[in-house]
Amino acid sequence: MGFFNELFIKGDGMVKFEAALMEHNGTPFAIVAVLPRILNSPEREDVRNNFRKYFPLGIPIIFTAKDADGNPKYQGKYDIVKFLYQLDPKKIPWERYDTI
């Protein structure tokens, strides 16, 4: 799948999003592709909490979105975000999640 593509695709009552489960220094975490406006939105934590049901209990959820130049921007736990900025986005194991 590579670097994330479209997200929140709606159709037939189903919502799809792209995310990846990874690990940094022994700590598992999830990266979820969101719309750019979510990164600085006052509702950001509500959105993050809505994604929690799709991932193992208690793991950090990091948000990512592409900026105007197509580069990834990350938001979440500082040490994980720092790690992600050093990582080639093509190495992130994106998967598509289907929800109802």
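All residue numbers in this chain count up from 1 along the given sequence.
You'll find the side chain of P28 stays beyond 4.5 Å of the side chain of L21, heavy atoms only. By the 4.5 Å heavy-atom criterion applied to side chains, D46 and R44 are not counted as neighbours. Residues V81 and Q75 have side chains not in contact (no heavy-atom distance under 4.5 Å, counting atoms from C-beta outward). Residues F83 and M22 meet the side-chain proximity criterion, which asks for heavy atoms closer than 4.5 Å. F63 is listed as a side-chain neighbour of I61, based on a closest heavy-atom distance under 4.5 Å.
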Test ring pair (Phe, Tyr, Trp, His ring centres under 6.0 Å) applied to Y54 and Y97, step by step: CA-CA 8 Å; Y54 302 106; Y97 288 74; 7.0 Å; no

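In this structure a side-chain-to-backbone donor-acceptor pair under 3.5 Å is missing from D69 to N71. The backbone N or O of Y74 sits less than 3.5 Å from a side-chain atom of Y85, completing a donor-acceptor pair.
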Donor-acceptor pairs under 3.5 Å, side chain of residues 31-41 to any protein atom, not counting sequence neighbours: which ones?
unit_1: S41; atom_1: OG; unit_2: E43; atom_2: N; d: 3.0
unit_1: S41; atom_1: OG; unit_2: E43; atom_2: OE1; d: 2.8

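Of all heavy-atom pairs spanning I92 and A20, the tightest one is CG2-CB, 3.5 Å. When all heavy atoms of A19 and F55 are compared, the pair lying nearest together is CB-CZ, 3.7 Å. Considering every non-hydrogen atom in both R96 and D98, the closest pair reads CG-OD1, 3.9 Å.
In terms of the salt bridge (Lys or Arg N to Asp or Glu O under 4.0 Å) criterion, residue partners of D67 (sequence neighbours excluded) are, by chain and number, K73. By the side-chain hydrogen bond (donor to acceptor under 3.5 Å, both in side chains) test, E45 pairs with R48, sequence neighbours left out. The salt bridge (Lys or Arg N to Asp or Glu O under 4.0 Å) search around E23 returns none, not counting sequence neighbours. For the side chain to side chain contact (heavy atoms under 4.5 Å, CB included) test, no residue two or more places apart in sequence or in another chain qualifies with P42. Partners of F29 by ring-ring contact (aromatic ring centres under 6.0 Å, His included), not counting sequence neighbours: none found.
Put simply, OG1 on T27 and CG on D79 are 7.0 Å apart, with the number rounded to the nearest 0.5 Å. Taking NZ of K77 as the start and NZ of K82 as the end, the distance is 13.5 Å to the nearest 0.5 Å.
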